[in-house]
Each structure stands twice: as C-alpha cells, then as structure tokens.
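Quick note on labels: first sequence line is chain A, next is B, and so on, each numbered from 1. None of the values given here were measured: they were computed from a predicted structure.
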Protein chains: 2
Amino acid sequence: MTTYHHGDLRAAVLAAARKMVEKEGLAGLSVREAARRAGVSHNAPYRHFADREALLAALVAEGFEQLNAALENRAGRELGEAYVAFALQHPQRFRLMFSGPRGNAELQARFADSFAALGADADAAGAAAWSLVHGLAMLILEGRLASSPAFVRKVLGAMRFAAAPQRSA
Amino acid sequence: MTTYHHGDLRAAVLAAARKMVEKEGLAGLSVREAARRAGVSHNAPYRHFADREALLAALVAEGFEQLNAALENRAGRELGEAYVAFALQHPQRFRLMFSGPRGNAELQARFADSFAALGADADAAGAAAWSLVHGLAMLILEGRLASSPAFVRKVLGAMRFAAAPQRSA
DNA sequence: TGCCGCAAGTTGACAATGGCAACATGAGCA
DNA sequence: TGCTCATGTTGCCATTGTCAACTTGCGGCA
C-alpha cells in the first residue's frame, strides 16, 4: 500500500510540501513544485491527494499530532508556555493549522485531542485559557507583540482565573 | 486625481475585491475577476495597485479603520466584547487582517491605533487582554468555540488581571 | 481656440498553476 | 505465464498574475 514504483511517494510529496510551507507559508505551496522535488511528474501527487486542499489538510493533521505531542504531560502555566513555544518554533505550520482548510473531520478530532488538555470547549475557564495562549501566539507571530520567553511568561502571568479554576483530573 | 475615464476605478475595484474577500476569503480574490466586476479590462487595476498584495493591503487598511471605529469610546469588558463582535461580523475580513500581507508600514500604524485602546504592547496586562480577546475571536471563527454572545461574555469574565491592572488614562 | 502631454485604460503575450483524461508500466497473484 | 489494477506519465485546458506596448481623452498651455 505504500511502496510501489517510487518507494513511498506519499511521504516524499508530503515532505516536500512540508518544507515549502515551512519556508514560504500557505501560498508557497504548489502541488507541481512538490512533485518536481519528489522527482515525479506533475500529476503523480494526485494519486495520493485528491487536490491541493487535501495535501494541505494532511500537513495540518501532521501539525496537530506534533502539537499534541508537545503538550503531553504538561499542565497549568507550563502548558501555556509550551503552546506558545510550539507556535514560535513552527510559525508557518501553526498559522496553517489555524487558517487552512476548515471543516475537516479528521482534523476536528485531532483538534479535540490537542486541547482537551486545556480543559477546552464548553468550560469557560478552559476556553479562556486557550484563548489567551492562542491569541498571544498569533499576535507574536503577527509581529505585534514581543517574542522573548520572558515577555511571554509575564503576559501569561498577568491573568488569572476569576473563580475557582476547575481542573477535573 | 480620482475621476478620469472610469469615474473612480480605484474605489470600484476595491469594492469588488471587498465583496470577493468577504464571501470567499483570501483565496477568493482574483485581480482579474475584480477588474471584470468593475467593468474594465484585466489590467486596469494595476494602474491603482502595484500588485495583488497591494490590493489586499488596501483591504486590510480599510478593515483596521473599521475596527478602530468599532472600538472607539469603549473600555474594559465592553471593549473586549466589541472586538470579538467585530470579528464575528466580518469573519473573512478579520481573518485577512491578521494573516494577510505582513510587514506593511501603513498597516502597522493602524494596528497601533486600534490597540492602543487595549493598553497594548510593552504593557503585559494590556498584551494579555488583547491576547485573550484576539484568541477568543480566532478560535470562534475557526469553529472551535461557540459563538453565542452569552458564551463570549462568560469566557471574558472567566479571567481577571493578576495584579493591579494599570490603566493609565 | 487648438494642440499636446501624461495619466488612465486596453490589448496581447508569457509562464506557472490546479486539475482532467487518456495512456503506459510493472508488481504480485491466479 | 499472463492479467489486472494501482501507480505514474503525457498532453491538454482554463485561469491567474504580471509585463510591455499601444490607445484614448482630459486639462493645461500657447
């Protein structure tokens, strides 16, 4: 299912695409260019990805896996800092994750995974925490706020939960 | 300086572009299509905008003006809610503003304008407040959090400043 | 008043892209 | 040994951004 003529084209194309996106962002990804870099003809990728969107979606999925891993076994302040740190380490990827192809089932699932950690969704406190770190990350990436770890710590420390922060587990 | 052959092409193209972006987002904007809708030849817009990016940038500038207006004379909780409300009312535009052409001088200026209101920049508390509302807006637009005004209020109410919130003016 | 320059628009061309359709190839099973 | 179907390939098309060269007509100047 993986290795036929090429060896593992799907992975090769994905890798090429990853590089392109990491360097130039969403707009920098061209299916044809990815094919070129993988050493195949311009249409070969379409055997593995329905269209450009699908390729993007795969990249996004990858990203959420990584983010998920980066957040594992962290909680409280540490969790928030790890979240921001991830964004700063993979700016384009992070950006893509939150502005790429919307409404993807698999993607939604991974989303949930990654953020259950923050107590997300219906829980207002969790949502607030998530919003805080997410907004901070975005604004830093946008160049609107400083990116020094010290500043990040200070900002995250400037807020606290209003009521009792409900940590279930 | 404005009205020559067409009447006011710049405005017409801008209007067309605005509509396209509002309906389909960043990717939905095509210079040629905008020209078509303005009833001119495909290259006419280039007399008014250096390239696609420049057109986008103009749209972004517009957006910040509007956002600025929407935030005027508001403070505290009300400010935050207005910020989120703006994002929900102009989803694509808001998105564009924070992921469009980066590193634009004029744009930076308007940025500053819009968020001085939130006490922004070096001030950690202001940055935190901004991060909170911005993150919330983004996550709602992304479909990750509920969009009901009640929920928004609850989330914003779930956080408070850790130390004395320094409101200068 | 009549002419002319320069901004505003137009036409035509090019390379690149996403995507479709028809064809080629070779790995693995019967 | 030979067939089949996934994997790749070749050609093709419409669309797009953008450049270059040409046209048009408003407004100032002689």
Side-chain angles (χ1 to χ4, degrees), chain A residues 1-61 92 96 99-104 107, chain B residues 1-61 92 96 99-104 107:
Chain A
M1 185 190 294
T2 41
T3 158
Y4 258 83
H5 295 172
H6 167 101
D8 191 352
L9 221 201
R10 181 184 173 97
V13 168
L14 216 47
R18 195 181 310 133
K19 251 183 204 159
M20 299 175 67
V21 164
E22 263 162 16
K23 190 180 279 186
E24 317 214 32
L26 212 179
L29 172 66
S30 135
V31 177
R32 285 171 105 105
E33 176 65 21
R36 243 168 262 137
R37 299 199 187 183
V40 295
S41 79
H42 66 257
N43 252 344
Y46 287 95
R47 294 289 146 185
H48 299 272
F49 305 94
D51 53 13
R52 204 187 104 118
E53 282 287 290
L55 180 48
L56 253 334
L59 247 18
V60 168
Q92 298 292 5
L96 177 65
S99 64
R102 290 217 277 326
N104 176 314
L107 186 152
Chain B
M1 186 190 293
T2 40
T3 158
Y4 258 83
H5 295 173
H6 168 101
D8 191 352
L9 220 199
R10 181 183 174 96
V13 168
L14 215 48
R18 195 181 311 133
K19 251 182 204 161
M20 299 174 68
V21 164
E22 263 162 14
K23 190 180 281 188
E24 317 214 32
L26 211 180
L29 173 65
S30 136
V31 177
R32 286 172 106 107
E33 176 66 19
R36 244 168 261 138
R37 298 198 188 184
V40 295
S41 79
H42 66 257
N43 252 344
Y46 286 93
R47 294 289 143 182
H48 299 274
F49 304 94
D51 53 12
R52 203 188 104 118
E53 281 287 290
L55 181 49
L56 254 335
L59 246 19
V60 169
Q92 300 291 4
L96 178 64
S99 63
R102 289 215 280 325
N104 174 315
L107 187 152

Novice: Check the distance between D:dT16's P and B:Glu53's CD and give it to me in whole angstrom.
Specialist: 17 Å

Novice: Return the minimal non-hydrogen interatomic distance between B:Ser99 and B:Leu26, and the atom names on each side.
Specialist: O-CD1, 4.4 Å

Novice: How many whole angstroms separate atom CZ of B:Arg10 from atom C1' of C:dA7?
Specialist: 15 Å

Novice: Less than 4.0 angstrom between a side-chain N/O of B:Ser30 and OP1 or OP2 of D:dT16, yes or no?
Specialist: yes

Novice: Nearest to the side chain of A:Leu9, heavy atoms from C-beta on, is which of D:dT18, C:dG18, D:dG8?
Specialist: D:dG8

Novice: Let's see if you get this right: which residues in residues 32-40 of chain B place a heavy atom under 4.0 Å from DNA chain C?
Specialist: B:Arg32, B:Val40

Novice: Testing the basics here: between A:Phe49 and A:Ala58, what is the closest heavy-atom pair and its distance to 0.1 Å?
Specialist: CE2-CB, 3.9 Å

Novice: What is the separation between atom CE on A:Met20 and atom C1' on C:dG18, rounded to the nearest whole Å?
Specialist: 13 Å

Novice: Could you measure the distance from the CG atom of B:Leu59 to the CE atom of B:Met20? Nearest 0.5 Å is fine.
Specialist: 10.5 Å

Novice: Please report the distance, rounded to the nearest Å, between NE2 in A:His42 and P in C:dA16.
Specialist: 13 Å

Novice: Do the side chains of B:Lys23 and B:Lys19 get nearer than 4.5 Å, heavy atoms only?
Specialist: no

Novice: NA contact type, B:Leu29, heavy-atom cut-off 4.0 Å: base, sugar-phosphate, or nothing?
Specialist: sugar-phosphate

Novice: What I want to check is whether an N or O donor and acceptor connect the side chain of A:Arg47 with the base of D:dG8 at under 3.5 Å.
Specialist: yes

Novice: To the nearest Å, give me how far apart CZ (B:Phe49) and C1' (C:dA8) are.
Specialist: 14 Å

Novice: Which whole-number value in Å describes the distance from B:Glu24 CD to D:dT16 P?
Specialist: 11 Å

Novice: Using whole Å, report how far CZ of A:Arg52 lies from C1' of D:dT15.
Specialist: 14 Å

Novice: For residues 27-39 of chain A, tabulate all N or O donor-acceptor pairs below 3.5 Å that involve a side-chain atom, not counting sequence neighbours.
Specialist:
residue, atom, partner, partner atom, Å
A:Ser30, OG, A:Arg32, N, 3.3
A:Ser30, OG, A:Glu33, N, 2.9
A:Glu33, OE1, A:Arg36, NH1, 2.4
A:Glu33, OE2, A:Arg37, NE, 2.9

Novice: For the pair A:Leu9 and A:His48, evaluate side chain to side chain contact (heavy atoms under 4.5 Å, CB included) and give the outcome as yes or no after the intermediate values.
Specialist: CA-CA 8 Å; A:Leu9 221 201; A:His48 299 272; 3.7 Å; yes

Novice: Find the distance A:Leu56:CG to C:dG19:P and express it as a whole number of Å.
Specialist: 11 Å

Novice: At less than 4.0 Å, is any side-chain N or O atom of A:His48 found next to OP1 or OP2 of D:dA6? Yes or no.
Specialist: no

